[in-house]
Every structure is written in structure tokens, then in C-alpha cells.
Amino acid sequence: MRIVLLGAPGSGKGTQSQRLVKNHGIPQISTGDLLRAAVANGTELGLKAKEVMEAGRLVDDDIVLGMIRERLGETDAQRGFILDGFPRNLAQAQALGMLLAELRKPLDAVVQMNVDYGELTRRISGRRSCSECGRVFNVLTAPPEEAEKDICPKTGGPHRLFQRPDDNEATVAERLRVYDEKTKPLIDFYRQKGILREIDAEGEVDEITRRLEEALRSATPGGRAAGVKKAAARKTAARKTAGRKTAARAGLKKTATRKAATKSRVAGRAGTKKNAKKKAGKKNATKKQTTKKQTTKKQTTKKQTRPRSSGAKAKSSAGRRRKARGKR
Ligand code: AMP
């Protein structure tokens, strides 16, 4: 991961960089720290930088770029880095872009840490550094007993804390003015490159770290890949759930259809039976009626035949009698 933390003096770039070092195992490269070390060691470069720094102005680009080029060439920076306090103007940003393009290691993200100006001044006035371990902490936010006795939270030693010479009120005002004029335009510069993320850098330190990590996750290839993987996993899970639901619904439908089919079959059978019964009933009825009709017919025929035959008999016996009388 190769990132830049942008922000005004006192916005917490140093504090958050130290946390990212722990979390990601990549070095923090602070041009302010490198310059202070040069001043402390009394090198030629340090002697040149001292006066400018104490006035709150920017050290020459050539000096700073030389230091950065050298530092980025070191072994620990090959896995990635957190640039803190660099670049600080457009010329430095362009030079960094060219250097990283040469190395084929472009920036992954630039995070702008936004803090209100009143809060910046308050934070800077409370800022102290430990002469033993170099750790920076704030007497305004440190536990009261440590703040009172000037105890370094890391070494535990009292009276080893000092205020940076450029953290006095007059220099802070000039540093903020320089930030507005020279560094702020970098926000747009990186926004246009599509790698800028902004976070609200006010509030609890842990909460700011959480916001910063979140911004980096959304900006860095690893984070994006993880995000994409997560999103894909979420999609797959959603698809599976939807699939299960559809299957369940289909199952229900199938069951319902099966039930309906069974019902209709049963009903069908019952209906057929009923129909058959009905038919049978009808048939029987027709049969009965036919039989009845036939019986009636027979009876009628019988009835009709009997008088006719007795009449005929009577007629014939009368005829026979007449015939006999004629013969006689
Ligand atoms: P910092 O610790 O980042 O606030 O820096 C302290 C001072 O170092 C600044 O006020 C500048 O005078 C000088 N400095 C740090 N970084 C740069 C830089 N990238 N370009 C020029 N001057 C710088």
C-alpha cells in the first residue's frame, strides 16, 4: 500500500501514520521528521533547513525531494509507505508522480484529513514530544496525571517532554497560512487523478483510525479487491438465499399442485363413481321404466286381447249357432 496523508499541521497525520505502521507493517516517511533529524545532527542540510522551519515556511523543494528519493530507495519502503507531510506543494506532487512512475509504483490513495482551524490551533498548542522516544502526544487529550507531571506515556519518564520550536503561536499561524496557499491545492490535484479520499479527522483517535482504514479499504487495490470479493460473496449469498426461497416457493407450488392434482384425481374418481352411480341409477331407472312400460304394454295387450277374444269367441259361437240353425 502506497499512500499520502494530506492535512493541515495538527490534523493528526503523524498520530494516524503511527497507527497505520502498526496495522500494515509499512514505514511512515515524514519529511518533517527527516528534516528535524538533519537539524539535530547538525548536517549541512540541517543547518540550511533550521531557520526556514522555525519561521514556519517550506524548505526548498530540491532538498526535500533529494531526501524523499533516497528514503524511497530503502528496503523497507519497497513493500509500501505512508507519506506524512510530503508532498506539500504542486511542484513536489508532480515530482513525486514522476519518481513513482519511474519506479512503476504509483500511489494507491491520498487521504485528506479535515479538521476545523480552531481545533488545529488548540491541538498544536497542547502538542509535546518525548526527547527519549520521539513519541508525540497531546497534553490536552492525555490522562490528567501524565499531562500534569509531563510523563511520557511510552517511556514513563518525567520531564522529558518538549514543545516543538515551531509549535508556538506565531509560527503556527504562518504554517497554517502556508498550508492554505501551497498545500491545499493538492486536494484538487489528487481529486482529479481519482485517488483522493477525505475523512473527518475530528473526534476520538480510535474513531478517526477506523474512518481512515475504511477510506483506505475503499481506495487501495487490496481493499477494493477485498471489497469486491465481499460484495461478490454477498451477491452469491443473496442469490443462494433467493434461490432457496424460489425453490421453497416452487416446492410449495409443486406440493400445492401435487395436492391439487391428488384432490382432483380423488374428486375425479369420486366424480366418476358418482357419475357411474348416477349413470347406473339412470340406467336402472330406464330399465325399470322400460320394464314397467313393457309390463304395462303386456297388461294392456292382455286386457285388450281378452275382451276381443271373448267377443270373438262369442261371435264365433253365435256364428256356429247360426250355422247350425241354417243346417237344420
Ligand atoms: P511537519 O513536521 O510536517 O509539520 O514539518 C515541520 C516543518 O518542516 C515544516 O513547517 C516545514 O518547514 C518543513 N517541512 C516538512 N516537510 C516539508 C516539505 N515536504 N516541504 C518543505 N518543507 C517541509
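Order of listing sets the numbers, starting from 1, for every ligand and every atom in it.
Regarding atom 14 (N) of ligand 1, its nearest protein heavy-atom neighbour is L35 CD1, 3.4 Å. Looking only at protein heavy atoms, the nearest one to atom 3 (O) of ligand 1 is R88 NH1, 2.9 Å. The protein heavy-atom contact nearest to atom 12 (O) of ligand 1 is R57 O, 2.5 Å. The protein non-hydrogen atom at the shortest distance from atom 22 (N) of ligand 1 is V59 N, 3.0 Å. Annotation: atom 7 (C) of ligand 1 to nearest protein heavy atom, M53 CE, 3.9 Å.
Comment: E213 does not engage R217 in a salt bridge, judged by the lack of any side-chain N to carboxylate O separation of less than 4.0 angstrom.
For the residue pair Q112 and N114, a side-chain donor N or O sits within less than 3.5 Å of a side-chain acceptor on the partner. For the residue pair T209/R19, the side-chain donor-acceptor check at 3.5 Å is satisfied.
Backbone and side-chain nitrogen or oxygen atoms of V64 are examined, and none is located within less than 3.5 angstrom of a nitrogen or oxygen of ligand 1.
Below 4.0 Å from some heavy atom of R164 lie the following atoms of ligand 1, by number and element: 1 (P), 2 (O), 4 (O), 6 (C). Which parts of ligand 1 touch R175 is read off a 4.0 Å heavy-atom cut-off, strictly below it: atoms 4 (O), 10 (O). Of all atoms in ligand 1, listed by their number and element, those nearer than 4.0 Å to a heavy atom of F86 are 19 (N). Interface of Q92 with ligand 1, defined as ligand atoms under 4.0 Å from a residue heavy atom, comprises 18 (C), 19 (N), 20 (N), 21 (C).
Seen from the ring of Y179, K182 does not count as a face-on cation partner, given the 6.0 Å and 45° thresholds.
In this structure, D116 CG and S11 OG are separated by 12.5 Å, a value rounded to the nearest 0.5 Å. For the atom pair I26 CD1 and M1 CE, the distance stands at 4.0 Å (nearest 0.5 Å).
Residues I3 and V111 fail the side-chain proximity criterion, which asks for heavy atoms closer than 4.5 Å. Within the 4.5 Å cutoff, the side chain of R123 has no heavy atoms near those of the R127 side chain.
Residue contact check for ligand 1: K13 places no non-hydrogen atom closer than 4.0 Å to it.
Using a 4.0 Å cut-off between heavy atoms, D166 contacts ligand 1 through its side chain alone, with no backbone atom that close.
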